[in-house]
Each structure stands twice: as C-alpha cells, then as structure tokens.
2 protein chains.
Amino acid sequence: MPSQKTNINHVFHALGDPTRRAIVEKLSKGPVSVSRLAKPLAITLAAVLQHVQVLEESGLVHTEKAGRVRTCSIEPAGFSVAEQWIDDCRSAWERRLDRLAELLAESDED
Amino acid sequence: MPSQKTNINHVFHALGDPTRRAIVEKLSKGPVSVSRLAKPLAITLAAVLQHVQVLEESGLVHTEKAGRVRTCSIEPAGFSVAEQWIDDCRSAWERRLDRLAELLAESDED
C-alpha cells in the first residue's frame with residue numbers, strides 16, 4: 001500500500017485527465033466492465049485499460065476479473081484522501097478569516 | 001476565463017504536485033510573498049514562480065505585485081470546482097448504495 005503522500009500525488013494526477021474523470025463518473029453509477037467503458041468513450045480497449053490502471057494504482061478504482069471480463073468499481077478511500085486534504089486547507093483559511101473578523105470587531109469596539 | 005471543463009483539469013493537475021500542495025498549505029494560513037515561499041521549500045525563486053504560475057492559471061491562487069514584491073493568496077473558487085466534482089461523484093455512488101439497500105430490504109420482506 002502506498003504512503004498517503006504518494007497516494008495523494010497519484011489521486012490528483014489521476015483526476016487531472018478528462019477521460020479518467022469520465023470513467024470515474026460512469027463508475028459512480030455502478031460497476032462496469034472495461035469493454036463497456038470503452039464504447040461511449042470512443043477510445044481503444046488498450047487506452048481504457050491504461051486509464052483504469054492509473055485509477056487503480058491511485059486507489060480510486062478497483063477491478064476484478066471473472067473469466068475474460070474485468071469489472072471496474074469505485075473505491076471510495078481514494079476520494080477521501082483528496083477530500084481530506086482540501087478540507088484541511090479550507091479549515092486553515094476559514095480559521096484565519098474568522099480571526100481577522102474577530103480582530104476587526106475588536107478594533108470597532110475600541 | 002477558462003470553461004469549467006478546462007479549469008477542473010488544471011485544478012487537479014496543479015494539486016498533483018507535492019511542492020504546489022506545500023505552497024497551497026502555506027497560503028491557507030495567510031498571504032505570503034514569492035520570496036518567502038521559496039525559503040522553506042529549498043528551491044529556487046524561478047522554480048517557485050513557475051509553480052505559483054501553474055496554481056494561478058488553475059484558479060487556486062492569485063497574486064498581486066506591489067513594487068518589487070509579489071504576494072500570493074488562496075483563491076477559494078478553484079477548490080470549489082474540485083470539491084463539487086468529487087461531491088457529485090460521491091452523491092451518485094451513495095444514491096446507488098441506498099437503492100441497493102432498499103432492494104435488499106424489500107427482498108427480505110418478501
């Protein structure tokens with residue numbers, strides 16, 4: 001399992017590509033086989049497989065092979081890593097804005 | 001102004017780099033000049049400027065120049081684009097899991 005530091009690099013990198021985001025959007029509605037993912041995207045099976053592999057390595061998607069069919073599903077943990085990082089930053093700047101508002105209120109009272 | 005589609009590519013791409021995330025973490029606590037950003041990161045001023053430019057183009061950071069000092073601040077709108085996209089995906093898979101739970105409950109009742 002990659003460290004969180006490595007993982008978060010992979011997560012954001014993976015989501016920076018519109019085809020990979022289209023795959024994630026599709027999988028959010030339910031598991032889909034690699035060949036069914038390829039059709040609406042109008043790209044080759046090999047290209048889809050490559051994108052799925054990037055998503056799998058980043059922890060956003062997992063795949064299972066049954067016979068000749070590889071089925072892809074969403075892996076919520078990868079999204080939590082990205083959400084947590086954004087949340088932490090947002091908390092930091094909101095705390096700062098709150099402090100500024102308090103200082104402003106105090107200076108108004110003086 | 002870039003379209004949301006372009007913007008979200010830039011946002012996730014920008015956040016996929018650990019130095020750029022370190023810059024964002026620092027700026028979350030308050031505005032900082034480019035030269036003060038460079039010091040703890042132990043990279044050249046030119047490299048910091050390049051990272052800041054990527055963050056500015058993606059809408060995550062804005063900069064203002066006063067005399068010879070360029071000051072960087074967080075731009076919350078860029079984060080909202082990323083948060084909204086993740087939220088939409090999460091809503092889709094949570095709705096699906098709710099429907100599955102309902103179906104399971106119904107089949108238990110039969």
Side-chain angles (χ1 to χ4, degrees), chain A residues 2-32 54-55 57-62 72-101 103, chain B residues 2-32 54-55 57-62 72-101 103:
Chain A
S3 72
Q4 193 183 324
K5 202 119 192 169
T6 316
N7 203 7
I8 195 166
N9 285 344
H10 289 185
V11 167
F12 283 125
H13 166 73
L15 296 179
D17 180 273
T19 305
R20 286 197 287 269
R21 282 202 314 282
I23 291 174
V24 168
E25 286 167 14
K26 180 85 181 162
L27 297 179
S28 296
K29 293 167 191 153
V32 180
V54 172
L55 288 166
E57 282 168 4
S58 70
L60 292 163
V61 158
H62 72 264
C72 313
S73 316
I74 281 293
E75 185 63 81
F79 293 86
S80 303
V81 167
E83 283 173 317
Q84 190 59 56
W85 184 83
I86 296 176
D87 272 1
D88 289 348
C89 290
R90 184 176 287 282
S91 299
W93 79 65
E94 284 178 350
R95 271 198 305 276
R96 188 184 153 266
L97 291 179
D98 287 347
R99 277 202 306 276
L100 284 177
L103 284 173
Chain B
S3 73
Q4 193 183 325
K5 203 121 193 167
T6 316
N7 203 8
I8 195 167
N9 286 343
H10 289 185
V11 166
F12 283 125
H13 166 74
L15 296 179
D17 180 274
T19 305
R20 284 197 290 266
R21 283 203 312 283
I23 291 174
V24 168
E25 286 167 13
K26 179 83 182 161
L27 297 180
S28 296
K29 292 167 193 154
V32 181
V54 172
L55 288 166
E57 281 168 4
S58 70
L60 292 163
V61 159
H62 71 264
C72 312
S73 318
I74 281 291
E75 185 65 78
F79 294 85
S80 303
V81 167
E83 284 174 316
Q84 190 60 55
W85 184 83
I86 296 175
D87 272 2
D88 290 347
C89 289
R90 185 175 285 282
S91 299
W93 80 63
E94 284 179 350
R95 270 198 306 275
R96 187 184 156 264
L97 291 178
D98 287 346
R99 276 200 307 275
L100 285 176
L103 284 172

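Just so it is clear: chains get the letters A, B, ... in the order the sequence lines come, proteins before strands, and each one is counted from 1. We use all heavy atoms of the structure for the numbers below, so side chains are in, but hydrogens, waters and symmetry mates are not.
The distance from atom SG of B/C89 to atom NZ of A/K29, rounded to the nearest 0.5 Å, is 8.5 Å. Note: B/L15 CG to A/L15 CG = 10.0 Å, rounded to the nearest 0.5 Å. Put simply, CH2 on A/W93 and CG on B/L27 are 10.5 Å apart, with the number rounded to the nearest 0.5 Å.
B/E83 is listed as a side-chain neighbour of A/D87, based on a closest heavy-atom distance under 4.5 Å. Residues B/E94 and A/S28 form no side-chain contact, since every pair of their non-hydrogen atoms from C-beta on lies 4.5 Å or further apart. Here the side chains of B/F12 and A/V11 are not in contact, with every heavy-atom distance at 4.5 Å or above. In this structure, the side chains of A/N9 and B/R21 come closer than 4.5 Å at one or more pairs of heavy atoms.
Here the shortest heavy-atom pairing between B/R96 and A/P31 reads NH2-CD, 3.2 Å.
The stretch residues 72-79 of chain A places A/I74, A/P76, A/F79 near chain B, each with some heavy atom under 4.5 Å from a heavy atom of that chain.
Within the 4.5 angstrom heavy-atom criterion, no atom of A/R95 approaches chain B.
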